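Here's the structure, in structure tokens; my notes come after.
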Amino acid sequence: MQSLLRDVSAEASHGVEGFLVVNDQSDQHAQTGNDHPEVVLQSQAFADYSSDIDVGNGEPCEISSDDYADDEEEMLNEDEDDDEVVPGEVTIPTTIPEQNEQIDYEIIPTALGDCGCVSRSPGNKGRKRWPKGVLPPDCREARAMGTIEKAMRNSRHRTTSYIFEPVLGMVFDSRAEAYQFFNLYSWEVGFGIRFGSSARNRVNKYRTMQEIVCEKEGFDHRCKSSSKRSHCKAMLRLHRSQDHGWYVSRHHSEHNHPLSFSCGEKREWNSHSKIEQCVKDMIRYLRENNVSLSRVHCFLGSMFGSMEGVPFNQKTLRAVCAQIARDQKDDDVLKTLEVFRQMHEEDPGFQFSVALDADKKIQTLIWTSGRSKSQYNYFGDAVTFDTTYCTNLYKMPFGMFVGVNNHFQSVLFAGVLMRDEKTASFEWVFKEFLLLMGGKAPITILTDQCKAMTAAVRNVMKDTNHLWCKWHIFKDAPEELGPVFRWNGTFSREFHYVINQMLTEDEFERAWDDLLDRYELCEHPFMIRTYKKKKMWAKPWCKDIYCARMASTQRSESANSILKKVIPRNCSMNRFVEQYKKMLFLRAQAEEKEEHKTKQYDYRRKRVPAIEKHAISLYTRKAGNLFSEEVDKAADYNVTEGLEANEFRVVHNNEEVRKKWARVVFTVKIEDDGAKLVCECGLYQHFGMLCCHSIKVLIHFGAKKVPDAHIMKRWTRQAKDFEYPLESGSGSISNQLRKNVLAVNALEVAQTADKDPEYSDILMSHLSMAKKEIQRAKDEHIKNGQISGYSSTSGSDHGYSTDSGYETEPLSTNRYGASGSSAYMSDADILNIQAPPVPPKSSGRLRQNRFPRMFEYRRTRCSRKARFDDELYCDRCDVEGHDRRTCKLKVKINKKKKITTPVAAKRRNLTGKGKRSNPSGKAA
């Protein structure tokens, strides 16, 4: 019975219906005089609750388990003779321990007035008056046995209809205890309660009267259709006692509305659907990790034993989740800056930069970590950038700079939040990215077909190769081609094969023409537009451009999909940054796992060539597997002499199994006395690893090692000269990183200059000048009383400039890690940053704020009035400010003349057929 008392008191303190579920026939038991109504308790009622019953703001009263040990033993003996218990529920008769007499409630000495309420007796003096400015206590000291426990003990010998029925003059220790008691009574009867009107002292605002009314009390004049209020007069009025307690002065128990009988109905009342604080915290943790509302409800059902055992409904759960979201949105920018400050303290290399509008509201925000900058120093040769994730509170598109490490895993370099996707915004993002990364521009950057992004890359990264991703082509193909393109159809497989497997231009042309002829897509607009831009995405035209096997921004899409799993919809900015930090940790953990496998796992295989053994000892585990695949492909080729010296022809030995348009002969040239091989497939220039044709030539001549010229360091086990730690606590880490970066760059310069005496003299002259400049700077620092060294806030900034023209940003002195163009901002300026405006609710992202991709022209046509000259882009001359209609290079093309590819034209000239056209964009 002690557990029952604890459960009822604990659940009543939060307004839940309590785990005490009285049988629907409890009213009949009370009317017929049955003293043994059965009480059904759900299985979760027997959880280990604290033995302290908290009543109001007073001291908790402890109940000793020794007082009821003998009585509980008697109850267990009586339960053995009862009927079979339903699984999932425990039926316990409310047999309260035997008592010689009923425990009396504490009743204030009052007299019943004519109006049916309590009035003070003639001999009872008024309460003590407190002087002005002195605040009396809000509750009295808790008694050894509260009113709720007394009601439970008196349930067997009660004279009232209900266990928790209020009695005039009944005293409570606090207002909260009175609310709990009346809430339990309302559960028994079948209605809900809420606090009503109250009275306070005008001098010290001391509360002297409080009413607890039915939820249907009064009338809501704002509701025009339906209202829950019905002017119900049921209420409980409380007044203050002399010892700062509360006593019942009036109780009206009649209702003018139907009452609830089942547990499901009673749970719909607000007072019986409260959630405990510990449950709220658990819900908050689940929602922060993007667990849906329905899954949270199911999880709570498992925790409480069943869905029926959850002490609140889904409406209350939705309200709690909305409150959690509102709490996260309050002071969003200040919370985000606090997260930045903590990240900067933990990682001195953390930096961010922000662009503000005229109202000091965030326009664009970019941030990166010290580990990301260290990774960029080793693997920043090929980068993908895409803005596709847009589910935050401000509907700001989120972009990520993503690369690939030596284990073929995605590496996050920086995160960007943008309010718009215009050319000026992308230019600012790319400039700040180069500043944060020390001015080192990537060799290749891959983006989607956004025109604004293309123009920004052309203006900022002039020496960087720009490619489009293939992922968007595959993404738009089902929508554009309709029923022709099915994911499990033959056209889908052949379309993927042509785009991904073609190595040479003539091979691609033949495969493309064959695909269009067989499926009758020669005049399809999508295929025409795709073919016209083939130099931006097709492998034969990009084979000489290094992209580290990232011919698609699929890595950015994969990173976005990971973020969507951990970031909830309409997330605040501070929560967004926190979850991005978690994602960085997960990526670092995955990299460490793969590094462990590379070092500890041995590659065992029968009949391994000597050159493959050498490659496995150099490359990481994933890179070694790719090299082994090329070795397996080399077994299908034979080597023959070429037409010129040091030239060899590699011929496929099973031509019948190849496609009719597939190439079976490749030419490999040997240069620098066998130190370098050049294959016309261009895999090494595109990927950084030898192709199967070159490997076949090396095996043919008995080579046992991979030539040094074809060992790219970024794929080897020693790709990183310095491992940036996950946790850093001082500026010495950035100094060590700077030292390693300087040593690596100095070694590269020395290796290029040691081959020629003239180059060596140039290097030595510059080194002597650098020594003099450094010594003069040191003397000036010593003369001015300054300590030489670098600030820890500079992180991994290397202090060198590249051909891109961007140098390292000035040292920042703020506590938040502001750098780049924001390095001048002080702590006060940073704290004055305002949150971006929250856009109104709309269906999807507004597309008029960005340039459409080349596949969106047909779907996103808009009126001339809605288009502006600064957002127009011509796909004929690749110039902004006008469109295709007003282009000066407009050429009149005879509509009767068909366009065709050179291969198709040659074929038709030979066969005499000229009725079919082909989408190449070239005139016949």
Side-chain angles (χ1 to χ4, degrees), residues 366-369 371-373 375-390 397-418 421 425-427 429-434 436-437 440-458 460-461 463-476 499-500 533 535-539 541-543 545-564 580 583-584 587 590-591 622 686-688 714-715 804 850 853-855:
I366 181 173
W367 70 93
T368 183
S369 64
R371 182 182 178 87
S372 298
K373 292 189 290 185
Q375 297 277 38
Y376 181 83
N377 184 50
Y378 306 121
F379 311 114
D381 45 11
V383 177
T384 67
F385 179 74
D386 194 15
T387 57
T388 56
Y389 184 69
C390 181
F398 177 70
M400 284 187 296
F401 290 92
V402 184
V404 59
N405 60 8
N406 55 341
H407 301 286
F408 286 93
Q409 295 175 327
S410 296
V411 181
L412 306 182
F413 295 139
V416 182
L417 283 172
M418 308 172 61
E421 294 183 279
S425 300
F426 283 119
E427 288 181 356
V429 169
F430 293 147
K431 289 179 181 178
E432 293 301 316
F433 176 73
L434 294 180
L436 296 179
M437 297 300 163
K440 183 179 180 181
I443 299 175
T444 305
I445 183 170
L446 294 96
T447 65
D448 60 3
Q449 291 84 8
C450 178
K451 297 295 184 180
M453 200 181 302
T454 302
V457 172
R458 184 171 58 247
V460 178
M461 303 180 184
D463 298 331
T464 300
N465 299 314
H466 181 211
L467 299 178
W468 288 350
C469 70
K470 303 175 185 177
W471 184 83
H472 288 283
I473 299 177
F474 294 132
K475 175 178 177 293
D476 296 329
I499 291 180
N500 293 323
K533 301 295 183 180
K535 293 184 179 180
M536 294 296 294
W537 58 267
K539 195 172 184 179
W541 286 269
C542 306
K543 62 182 181 180
I545 301 176
Y546 177 76
C547 66
R549 211 186 184 189
M550 290 195 302
S552 171
T553 56
Q554 181 63 33
R555 293 189 178 273
S556 297
E557 298 295 334
S558 300
N560 280 303
S561 64
I562 297 175
L563 273 177
K564 291 177 182 178
Y580 179 84
M583 187 176 177
L584 287 178
R587 301 314 307 163
E591 182 180 355
K622 289 294 182 65
H686 187 69
F687 175 28
R714 71 162 346 268
W715 302 122
S804 61
R850 66 189 294 270
R853 300 171 308 184
M854 71 175 191
F855 304 122

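Source: prediction; values computed, not measured. Hydrogens, waters and symmetry mates play no part in the numbers below; they use all other heavy atoms, side chains included.
The shortest side-chain heavy-atom distance between L584 and R371 does not fall under the 4.5 Å cut-off. By the 4.5 Å heavy-atom criterion applied to side chains, Q449 and K533 are not counted as neighbours. Under the 4.5 Å side-chain criterion, counting only non-hydrogen atoms from C-beta, P442 is in contact with L434. Between M400 and Y580, some side-chain heavy-atom pair lies under the 4.5 Å cut-off. Counting heavy atoms from C-beta outward, F426 and E421 have side chains that approach closer than 4.5 Å. Between V404 and R549, every side-chain heavy-atom pair lies at or beyond the 4.5 Å cut-off. Here the side chains of H466 and T447 are in contact, with some heavy-atom distance below 4.5 Å.
In this structure, the separation between CG on L467 and CH2 on W537 is 12.0 Å, given to the nearest 0.5 Å. The structure places NZ of K431 at 5.5 Å from CD of E427, a figure rounded to the nearest 0.5 Å. Rounding to the nearest 0.5 angstrom, the gap separating the CG atom in L412 from the CE atom in M583 is 4.5 Å. Distance check: I445 CD1 to T464 OG1 gives 7.0 Å after rounding to the nearest 0.5 Å. Distance check: M461 CE to I443 CD1 gives 13.0 Å after rounding to the nearest 0.5 Å. Note that CZ of F398 and OG1 of T387 are 10.5 Å apart. Values are rounded to the nearest 0.5 Å.
Side chain of T444 to main chain of Y546: a donor-acceptor pair is present (N/O by atom type, distance under 3.5 Å, no hydrogens or angles). Proximity of a side-chain donor or acceptor of Q409 to a complementary backbone N or O of A590 within less than 3.5 Å is detected. Not one N or O on the side chain of H407 forms a donor-acceptor pair closer than 3.5 Å with the backbone of K622. Counting only distance, with no hydrogens or angles, the side chain of R714 and the backbone of G380 share no donor-acceptor pair below 3.5 Å. With hydrogens and angles ignored, the 3.5 Å screen pairs a side-chain donor or acceptor of K440 with a backbone N or O of N377. Of the possible donor and acceptor atoms, none in the side chain of S372 sits under 3.5 Å from a partner among the backbone N and O of A414.
Taking the six-membered ring wherever Trp is involved, the centroid distance between the rings of F385 and F430 falls below 6.0 Å.
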(request) Show the numbers, then the answer: is there a side chain to side chain contact (heavy atoms under 4.5 Å, CB included) between E432 and V416? (result) CA-CA 10 Å; E432 293 301 316; V416 182; over 6 Å; no

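When every heavy atom of K539 is checked against every heavy atom of I499, the shortest pair comes out as CB-O, 4.4 Å. Between I545 and H686, the closest heavy-atom pair is O-ND1, 3.0 Å.
When each of Y376, Y378, F401 is tested with F413 by the rule ring-ring contact (aromatic ring centres under 6.0 Å, His included), just one qualifies, namely Y376.
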